[in-house]
Amino acid sequence: MTKIRILLLSAAIASTSVAMAPAPALAWKATESTLRRVNSSVQDVRAAVRETEEAVNEVRQEVRESADRIIAALKGHSGEQSAYQDKQIEAARRIEDAAQMNASNRLRQEFRARAESGEFDPAPDMCLLAGLFRGDGGSSSGPGVGSRVVAAAASKNSGADPAVREGGTKLARSVVDDRANYAGAFPGIADATTDPEVFLKNPTLPEAPDGSDQAKAMERLIRNLTDPHPPKPVTAAELLTQEGVARAAAQAVHTTRANAAGEAVSMVMNMREEVQPITQEGFQSYYEDIANYNRPWPGVGKKISELQALDIRTLRYYAPKPELFHQRATYTDRQLLQELLDAVAIQNRLAYLQLELDSRTAVVQTQILTALNR
């Protein structure tokens, strides 16, 4: 618009300068008129310029305001974007924390369920077996009952018994008298001095203190089994003669054979010695899990022998009550493995005892062969 006004003013000045050619008066009037028009045009131009400047200032102000609004909008958008990103990050962190917490709780519940199901528990029998043979075992204090009885019988047959030193009718009389005196030493056995059932009937032998009727009856029984006709001891005076020396040599062979037989009997009796107390936590619980047990219980006293303990533990596997049989169906793999280890341990112990007995049997058989080879 301003450019248009300037062009119009230039055209007016040009037309005025052409018309100033006539007379001076007229020329002055024309010039004055032209100056007025020019002045008016200048005023108009100035007003236009002022309007233009005002418009430009308004535009500048609007531009500044627009820029400020844009900057504020950008800042607000940036703040909103940053806050949104922070919220997204916080939400992701909480989701991850919740996932880890859920996984931890699930793993904890899984192991708790497995533990409550008994997967990590030992077999129930293991708790009973722990320390089962610990305590005041009878065999730990010295020789077993079989060893003591056999040693006493051998001592008497070697001359500690006066009847052996006299021999003949005196010795025969002592055998008959002992049979009559100790016949009823053991309940349920008619003749305790002649019946090996004394130590073969029950898996546990009575304690039989030294000097008691039961101990004396077992001594006579062992003497009748291992050396029923002991020879009279050779005296020091007889050893000075050839006949005495020959009889002493024969007695040495006789005594060796009797000791071999006595050692085999001793082993059989020692296996039946009372060693393990009977408790509710021990073999009492084992015994109650057996369907049928045809041996005397609870033994003959407050303890049972190792042989009876092995008998009970074996029967608990072989003939369990239905409740125990069904209970085993719920055992975990670890519990079943421990049960198998227990069964293997029993078999190993039985094999070792069999080896001990076989060794003594081999010695006895050697003596038999020696007696035949004469």
Side-chain angles (χ1 to χ4, degrees), residues 142-202 205-270 272-273 300 360 363-364 366-368 370-372 374:
V145 59
S147 298
R148 296 195 302 271
V149 172
V150 170
S155 176
K156 289 186 176 181
N157 276 352
S158 297
D161 186 359
V164 174
R165 293 196 299 269
E166 294 184 16
T169 305
K170 185 68 174 181
L171 177 61
R173 184 77 261 177
S174 67
V175 172
V176 174
D177 291 343
D178 286 347
R179 182 177 183 181
N181 294 333
Y182 309 125
F186 293 91
I189 298 179
D191 191 349
T193 62
T194 61
D195 193 347
E197 190 177 11
V198 167
F199 58 85
L200 294 177
K201 178 180 180 180
N202 298 331
L205 280 175
E207 189 172 354
D210 294 339
S212 63
D213 288 350
Q214 290 183 342
K216 293 178 180 179
M218 283 193 292
E219 288 176 7
R220 174 55 68 180
L221 175 62
I222 300 305
R223 293 172 68 181
N224 289 341
L225 282 172
T226 61
D227 193 4
H229 306 290
K232 295 173 58 177
V234 179
T235 63
E238 291 176 334
L239 286 176
L240 299 177
T241 63
Q242 295 182 355
E243 181 182 359
V245 171
R247 201 159 65 85
Q251 282 191 9
V253 175
H254 181 91
T255 302
T256 301
R257 295 170 182 171
N259 288 339
E263 181 59 28
V265 175
S266 173
M267 178 65 186
V268 174
M269 295 177 68
N270 285 338
R272 290 168 164 78
E273 183 181 10
V300 293
R360 288 160 174 77
V363 173
V364 172
T366 300
Q367 296 300 306
I368 294 174
T370 302
L372 296 175
R374 296 183 62 179

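Along the sequence shown, the residues carry numbers beginning at 1. Only a predicted model underlies this, so the values are computations on that prediction, with no experimental measurement involved.
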**Request:** Sequence neighbours left out, what pairs pass salt bridge (Lys or Arg N to Asp or Glu O under 4.0 Å) with at least one residue falling in residues 186-200?
**Result:** Arg179-Asp191
**Item:** Pair listing, salt bridge (Lys or Arg N to Asp or Glu O under 4.0 Å) test, anchored in residues 238-256, at least two apart
**Value:** Glu238-Arg247
Non-hydrogen atoms of [X] and [Y] that approach each other most closely:
X: Val145; Y: Met269; result: CG1-O, 3.9 Å
X: Leu205; Y: Phe199; result: CD2-CA, 3.5 Å
X: Arg165; Y: Ala160; result: NH1-O, 3.7 Å
X: Tyr182; Y: Ala192; result: O-CB, 3.3 Å
X: Leu225; Y: Pro196; result: CD2-CG, 4.3 Å
X: Ala185; Y: Ala217; result: CB-CB, 3.9 Å

Could you work out, with side-chain contact (heavy atoms from CB on, under 4.5 Å) as the rule, every residue matching [X], not counting sequence neighbours?
X: Ala264; result: Arg360, Val364
X: Val245; result: none
X: Glu166; result: Lys170
X: Ala248; result: Val234, Leu239

**Asked** How far apart are the C-alpha atoms of Lys232 and Leu171, what are their side-chain angles, what is the distance that settles it, and do they pass the side chain to side chain contact (heavy atoms under 4.5 Å, CB included) test?
**Response** CA-CA 10 Å; Lys232 295 173 58 177; Leu171 177 61; over 6 Å; no
Holding to side-chain hydrogen bond (donor to acceptor under 3.5 Å, both in side chains), I want the full list of residues that pass it with [X], two or more places apart in sequence or in another chain.
X: Asp178; value: Arg220
X: Arg223; value: Asn157, Asp161
X: Lys156; value: Glu219

Do side-chain atoms of [X] reach the backbone of [Y] as a donor and acceptor pair under 3.5 angstrom?
X: Thr255; Y: Gln251; result: yes
X: Thr226; Y: Ile222; result: yes
X: Asn270; Y: Gly146; result: yes

**Message:** Under a plain distance cut-off of 3.5 Å, with no hydrogens placed, do Asn224 and Thr193 share a side-chain donor-acceptor pair?
**Reply:**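 Side chains of Thr193 and Asn224: no pair found under 3.5 Å.
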**Request:** Enter the distance from Ser147:OG to Met267:CE here, rounded to the nearest 0.5 Å.
**Result:**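 Going from the OG atom of Ser147 to the CE atom of Met267 covers 9.5 Å.
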**Message:** Let me confirm one number: the CG-CD1 distance from Leu200 to Ile189, rounded to the nearest 0.5 Å.
**Reply:** 9.5 Å
**Item:** Partner residues of Arg173 under the salt bridge (Lys or Arg N to Asp or Glu O under 4.0 Å) criterion, sequence neighbours left out
**Value:**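 In terms of salt bridge (Lys or Arg N to Asp or Glu O under 4.0 Å), with neighbours along the sequence ignored, Arg173 is linked to Asp177.
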